Every structure is written in structure tokens, then in C-alpha cells.
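Some notes on the structure that comes next.
In the text below, chain A, chain B and the rest are named by the order of the sequence lines, each starting its count at 1. None of the values given here were measured: they were computed from a predicted structure.
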Amino acid sequence: MNFAKLKKASTGYFFLAPFIIGFLVFGLYPVVNTLTLSFTDATLMSGKSHFIGLGNFQRLFADEVFMRAVRNTWLLWILNFLPQIGVALLLSVMFTNVRLKIKAVGVWRALFFLPNLLMPAAVAALFNAFFAYYGPVNQLLVRAGFLSEAMRFLESVGVMRGLVIFIQWWTWFGQTIIIVMAGMTSIPIQLYEAAMVDGANGWQMFRRITLPFLRPILIYVFVTSLVGGMQMFDIPFLLTDGRGSPQSSIQTNNILMYMKFASSKGHIGAASSVGVLIFIMTSLCALGIFYFLRDRDNVEKKPAKKLTSVKNMEKAA
Amino acid sequence: MRKSVLYVLSLLVIASMLLAACGTTPAAPAATEVPAGNEAPAVTEAPAATDAPAAELEGTLNVWSFTNEIRTMAIAFQGKHPKVKVVYTMIPMTNGEYQTKVKAASGTADSPDVVALEAAFVKEWVESDLLANLNDLVPLTEELKTYPAVVQVGTYEGVTKAFSYQATPGAFFYRRSIAKECLGTDDPEQVQAMVADMDKFVETAAKIKECGTGDYYTVGTGAELFTPFLANRAQPWVVDGELVIDPKIVEYVRFAKMMRDNGYESGATQWTEGWFAGMNDTLKDANGTPKKVFSYFLPTWGLPYVLSPNSTPKDGGEGTVGDWGMVNGPMSYQWGGTWVGVLEGSPNSELAKEFVKFVALDEENLTNWATGVYTNEYLKAIDPTTPDDQAQAAGDFVSSQLVVEKITSSFDKSTLSDFLGGENSYGAFALAAPSVNGALLTGSDDAIQRALNDPLAAYLSGTMTEAEMWAAWLDAVRNEFPDLIIPEPPVK
């Protein structure tokens, strides 16, 4: 009987197989292996390694370096995510607004998305050259009279953090617009028409219709951006010397992990301990986001409930 | 209808996965099979190969390096052994990419056979178990009179694992026109007297600044003197598992600060546009005021690879060819150098060993290498796919004293001596090379020295105090070396 059931469902398993296999090999195994390594003093340069318990983790908290990397990562992520989601929401509302009727939305959307296609390595190298002491930005600013003498941008904590935040925002807000707009265009237009008949203004429509319907999309954007942000690496790594200088101010979690991995003997054990902590931190935060942004039907007031039921109807249809 | 489409799609997905899997599996057997075919002849031929021309060598050799230099030798090697195919991979090492890549690849199916190792990290490899024992090539170093320091660096606990084709004593290159204008002479001996030690060097720096009314800098960056200071330490970075902060390091940091604060250096970062611009006199500050750089600290390879190629401005203009002089400078030092070794477990180990022998221990190759025989046409005749800029200009200083003695006189009248206003740089390096000391190199140098750059930059620009700088550096070192004992900072 069971077998027959299984056979009947085989199409399903058949479809699931590629993902499951891929996940086990490329997802689960590395995680488990990283966890195992984090309790050892394994290096790339020697075949021998010993179990050292929590030694790697103790070292991480023995000085400020790890916590500084965590703080840097959060700072760089939050300061680029807030403007990113803000601008994306604003532009998406404008693009989908029935009253504004902006022309050539597709062209705008493509233009905003273009920076995302640039190679991070090229972008970082370009900005590094622009902001060098003898570079063009200094020449422009000094000759135009904004600065009295050339500035050491690459050694300025504020400027370099600002640049990382700007580049991250600039390359990713187009992507967020596309996702948010996709979410907005799936909201039934009748709701807005009804709201307009009832005399609702733009903000009220946004607050009462758009946001509640967008919640699943926003959770998705939030979580993927968080996961990406906690693993921020290429831009800050390549923008300066690959160590998060100046003064380790753009040294993110992943740069620290990479430095431990890349240093002299290749301390993969110590590097894994950083990876494990990033994993735990990111997982907890992602779960937190799901918890706080979950669909609170029972607590919500009437209008939201109505809207959800419309959504469910849509789904059923 | 729809279901069948889905079936087809799912089949495609699975088929693509299988194909992807197939793509990797045959690679593994291939890696073991091909060598098996090669190893057999190579092993039997190796003993005979010393006398008979080793033309029967065949197989594919994977060579990794961090510049395109050795590629020239790889092509020449293929010219000698037409049945050998060298697959050459270049990965830059600006921020340590190469080192990481080799470390990660060793022991896997992607592992190269021969690796190039730079002075900053060669010890790390020589001290590990990852390089093959090349002791049976050591007798050749006696024949060629290879400089002892070169062999010493490639040796650990009596086992030699890497050899170099270069010896790299350092020198001090100065602009003759500026010397004449500010110091009253451009004669190498008299200039050397004016920079003979650090005190005199600083006096001269002050003179240069005054004479150029602030538009002349003595060096591009104080960081150029890091290597000379390092070479004059009493102890290496690591002794008995403990980090050693030699007095020379403290001295260097204060010296670099003094150079910056007094405006004796241009403030450009080494290896960036501004630093190179000083070599061809096109350095301009942000206002467009032209600035001049008096001197550069560079070793043997710095002349043909760095100074000479950058002495002519890219957008035309006069440049500085013929306006350079070369002396020993305030401190004797050595800087850099490329060693080659064979990775342990390489399936082509015999062929790889032949390659190392050719690169570092072959009189003919070393002579060709240093005297500019390997022109682009020469290489293209062997391999038509050679890139247009692949060639080896004359002048690299080789590791064999025998070869050096034979070819030194050929540089009396050459492009390089023209560049130096008639001086024979080769002769000068030949005098400095035997005194080079290889004992100060350790496997941890690269990471320890890199860790100092960022805190030092912050100290120089005034955003960190000296005490903060030392603390930041020691924190960084501690984080990269879990087992290293870290001493108290020199200033708290």
C-alpha cells in the first residue's frame, strides 16, 4: 500500500530530487563541515589538525577585532538597506500610480537596474582609482575650489564607509524596485479605484492597501538583503587593501573570515568559527524578521482582514 | 499537454545535472591517467637525461605564477622540448589573491605541478610539507655558483625545495638632473657619500626639499624604505613562536612619520599611479603644480621591470631615460625574488623537476634570460599564440655567479647603461649580491608586514597616535596567527 502511494507520488519526488540533492551536497554538507572545522586548529598548509573545543571562539572574543567586524557589517548593511528600500518603495509607488501615469516605466526600471550588472571588482577598482591621493576626485575638488588641498580619501573612515554604502545602495536599489513593483502590480487595481471613490489620499492608499499586500514581498526583500548584507564582501574587500582599511572600518565579517583563511598557513579552523557565528547570527535575525512581520490576522483591524480575504480569493481564483 | 511539458522539463533538469556531474568526474581520472602515461617514460629517461638531450620529455605541465615572467621561460622550455605542453596560469598577488588560490588548490585535483613563490611567502611553503624535496638538484648550484642566500631561502631543515633564477640585492636610484641642481654633483661616488647612512640621507632630503622650494620630494613614499629597514634587523619576525618587534621596526615607523611630516615624500601610495608618475616626471598635485621625485629604492628587478618601463610618460613627452644614477644607498638590502618549487604529489613530478632545473639551474637559459635573447619574435617562433607584449628584456640579475661573471661586461654598453647615463648596473649588483642574507625570511613575513600597512597609514596621516597604531597592528597579527605569542607594544 505504502509503496503504491509512493509510486503515485513519484512525480513529486522526481521534481524535488534535483533541489534536495543540490541542497545536501552544496548546502548542508558545507555547513556541517564548517561546524566541525570550527572546533579544530586545522590549517591548509598541514594535513594534521587537533580538536581544540571552543578555543577558536574564545579567541574571537578575546579582543575587539571580531565584534568590530560585526558592528561594521551591521552599520554598512543598515545604512544601505534603509535608503534602498525607501527609494525602491517611493519609485515603485510613482511608477505604478494610476494618477501619475509615468511614461516608459520599463526604460526607467532597466536604467535603475543597470548598475547591478556591473562587476563589483570593476566598480571597486574604479572608485579606488577615483579617490586616490593623486586621483581625479582630488583634482576636481581642489581646482573647483571645494578643497584647499588634496585629501586622503582612502584613509578617511567616513568617506570609505560612505562609499561602500553608496556603492551597495546604487547597485542594489534597482533590483529591489523590480521586486517591489512586481508585488505592487499584483495588487488588484479595483481596490485603489474603490479607495479613490471613497476619497482616500495617496498616503492612505499606500498605508492601507499597498503595505499590507506587500508584506510577503517585503519580508522576502528584507531577509535576502539581510543574508546578503551579513555576507558583504566584494566591494569593501576590493575598495581598499583587502583588509577593510582604513583602520579596519570597512572590515566586515566575511573579510575577517577570509583574512583568517588566507593568512600564512591558511587557518581554516579559525576562519570557520567566524563563519559559524555569522550563520547563527543571520539565522536568528531572519527568524526574528519572520516572527515580527508575520501575518497577524487576528490582531489586525477590519480593513486589513477584508483585504486578506480578497487576497485569499485571488489565490483561489 | 501541460503535464508532458513538465515531464520534458524535469527530464532536462535531471539530464543537465547528470551532465554537470559527468563534467567533473572524467576530469579526476584524466588527472591520474595522463600522468601515468607520462611518468613512465619520464622516470626511465631521467637518469639518462643528464647527458643525452632530453628531447623525449613529454606531457602537460601546469605552472602557476603571480606575474607573466616565468611564462617566457615556459615557452622557451617548450622550444627545447616540443612534446611538452605547459599550461600557464597567472594570478596577481596585489592583495594576496595568488597566495590564497595556491593554498586552496594544493592537494586537490586542480593543483598545479609547479608554483612560483615570492620572497614574502616562499618560506611559508618551504617550511610546509607541501613542496617536494629537490635535494638532488643541489649539486647543480655548486656548478653554477648560485648565490648562497638564494639556496638558503629555499631550504628548510636540510631539505631544499625551491630554487630561484634571480638574486635581488637592492639599490638606490636617483635623478641625475636633480642631484646636479640640488647637491652640486651627479657623480655616483659623491652622491653615495651624501646618502651613506640614515643621518646623511635625512640631511640630503632636507636639502632637496629646500632646493625645490617644496616641489621636490626625496622619495615617492617612505614605505620604499621598509624593505631596507627589514633587511637590517637583528632577528626575523618570528623566533620560537613569538613575534619579535626588532628596534629597526620601531625606527622605521618613526622614520616614515618624519618623512611624511617634513614633506620629504610625495605621499603617493607605492605601486599606484602617483608613485609611478614620479618616475617619468609627470607627477602633479591636485592644483596641477608639477612635482619631482628625486629617488627610488628598488632592487635588481626594479630596474628592468619597474623604473625603466615607467620612465617614459604614456601620453608621450620627454621622460627621464638617461637621467638616472644608481648607488648602494644608506643601507644594503635585498628585496623580493621569485622561487619555483614542485608541489608534493604532482603526477608530473619528474617533468616538473626538469622545468625547475631549466628555470633556475640551467646556464644557457639563465644567460638567455639575462641578455635579452627571449624577444617576442623568439617566443612567437616557438608558440605563435604568444601575446605581443610577452618578452624578456635584458638586465634581470640572475642567481648564478658563474653566469653573472660571464655576462657582466656585455652590459657596459647597453640599453640599461644608457638608461643609467653610462653606469653598468649589472656590475654594481654583482658586487652587492654575495653579501645578501637570506636568514631573516620566515613563513609569516607576508601576513605580518601586510598587517602593518593600514595602521601605519593611519599614523602617518595623523588619525592614529603611535600607541594606537602599535595596538591595532598587534591585534591584527594576533587575529591572523592563532598560535603566535604577541609581545607588549613598544609604546603604550
Side-chain angles (χ1 to χ4, degrees), chain A residues 11 14-15 17-18 21-22 41 43-47 52 55-56 59-60 62-66 68 128-129 132-135 137-143 147 149-152 154-157 237-238 240-248 256 258-267 269-270, chain B residues 3 6-7 9-11 13-14 16-17 94-97 99-100 103-104 106-107 121 124-125 127-130 266-269 272-275 277 283-288 443-448 450-451 453-455 457-458 460-461 463-464 468 472 475-483:
Chain A
T11 321
F14 200 53
F15 277 109
I21 295 169
D41 60 356
T43 64
L44 285 172
M45 299 292 272
S46 85
I52 54 163
N56 286 326
R59 279 202 198 95
L60 284 184
D63 56 31
E64 267 292 282
V65 173
F66 174 70
R68 182 180 61 203
N128 179 289
Y133 186 61
Y134 284 99
V137 171
N138 260 328
Q139 287 174 5
L140 260 173
L141 291 179
V142 171
R143 285 177 205 185
L147 285 178
E149 57 175 1
M151 196 185 149
R152 296 190 173 274
L154 294 176
E155 287 165 31
S156 153
V157 171
F237 180 79
L238 292 161
T240 54
D241 61 351
R243 308 177 59 89
S245 78
Q247 296 167 55
S248 309
L256 181 68
Y258 181 84
M259 277 166 62
K260 286 176 182 286
F261 156 76
S263 96
S264 68
K265 293 192 171 62
H267 297 279
Chain B
K3 212 172 177 187
L6 285 175
Y7 261 120
L9 274 178
S10 71
L11 280 175
V13 168
I14 287 166
S16 67
M17 286 197 69
T94 326
N95 287 329
E97 302 88 336
Q99 296 91 305
T100 313
K103 249 177 247 163
S106 72
F121 53 88
E124 197 176 287
W125 285 82
E127 287 170 11
S128 78
D129 308 327
L130 297 172
S266 76
T269 307
T272 61
E273 276 307 310
W275 188 69
L283 185 68
K284 287 191 177 87
D285 75 358
N287 276 313
S444 317
D445 296 4
D446 192 25
I448 294 175
R450 271 172 198 279
N453 292 340
D454 176 41
L460 293 186
S461 62
T463 42
M464 264 191 191
E468 283 168 346
D475 268 350
V477 174
R478 188 181 295 115
N479 264 273
E480 292 193 53
F481 295 91
D483 309 320

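- A distance-only check finds a donor-acceptor pair linking the side chain of A/R143 to the backbone of B/A286 [under 3.5 Å].
- Note: B/M464 CE to A/E155 CD = 11.0 Å, rounded to the nearest 0.5 Å.
- Atom CG in A/L154 sits 11.0 Å away from atom CG in B/D454 (nearest 0.5 Å).
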(Q) Pair A/D63, B/R478 - check side chain to side chain contact (heavy atoms under 4.5 Å, CB included), show working. (A) CA-CA 9 Å; A/D63 56 31; B/R478 188 181 295 115; 3.7 Å; yes

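- Residue contact with chain A, scored on non-hydrogen atoms closer than 4.5 Å, involves the backbone and the side chain of B/A457 alike.
- Of the possible donor and acceptor atoms, none in the side chain of B/D475 sits under 3.5 Å from a partner among the backbone N and O of A/V65.
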Q: List the steps, then state whether side chain to side chain contact (heavy atoms under 4.5 Å, CB included) holds for B/S106 with A/L44.
A: CA-CA 9 Å; B/S106 72; A/L44 285 172; over 6 Å; no

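- Of the listed residues B/A458, B/P482, B/P455, the one with more heavy-atom pairs under 4.5 angstrom with chain A than any other is B/P482.
- Checked against B/E480 for a side chain to side chain contact (heavy atoms under 4.5 Å, CB included), the options A/H267, A/R243, A/K260 give a single hit: A/R243.
- Without hydrogens or angle criteria, B/K103 side chain to A/M45 main chain gives no donor-acceptor distance under 3.5 Å.
- Remark: the B/T463 side chain and the A/Q247 side chain contain an N/O donor-acceptor pair separated by less than 3.5 Å.
- A/Y134 contributes a side-chain N or O that, together with a main-chain N or O of B/S266, makes up a donor-acceptor pair within less than 3.5 Å.
- Heavy-atom pairs under 4.5 Å with chain A peak, among B/A472, B/G288, B/A476, at B/G288.
- Ranked by heavy-atom pairs under 4.5 Å with chain A, the first of B/D285, B/T272, B/I448, B/L283 is B/L283.
- Looking at B/A277, there are no atoms closer than 4.5 Å to chain A (heavy atoms on both sides), in backbone or side chain.
- Neither the backbone nor the side chain of A/S156 comes within less than 4.5 Å of any heavy atom in chain B.
- Not one N or O on the side chain of B/R450 forms a donor-acceptor pair closer than 3.5 Å with the backbone of A/D241.
- Looking at A/A132, neither its backbone nor its side chain comes within 4.5 Å of chain B, counting heavy atoms on both sides.
- When the candidates A/M259, A/Q139, A/R152, A/E149 are compared by the number of heavy-atom contacts under 4.5 Å with chain B, A/R152 comes out ahead.
- A/Y133 places none of its side-chain heavy atoms less than 4.5 Å from the side chain of B/T269.
- B/E273 CD: 12 or fewer foreign heavy atoms inside a 6.0 Å radius.
- With respect to chain B, the highest number of heavy-atom pairs below 4.5 Å among A/A270, A/G244, A/G135, A/A262 belongs to A/A262.
- Note: B/N479 leads B/T100, B/D129, B/N479 in heavy-atom pairs under 4.5 Å with chain A.
- With a threshold of 4.5 angstrom between heavy atoms, B/W125 approaches chain A through its backbone and through its side chain.
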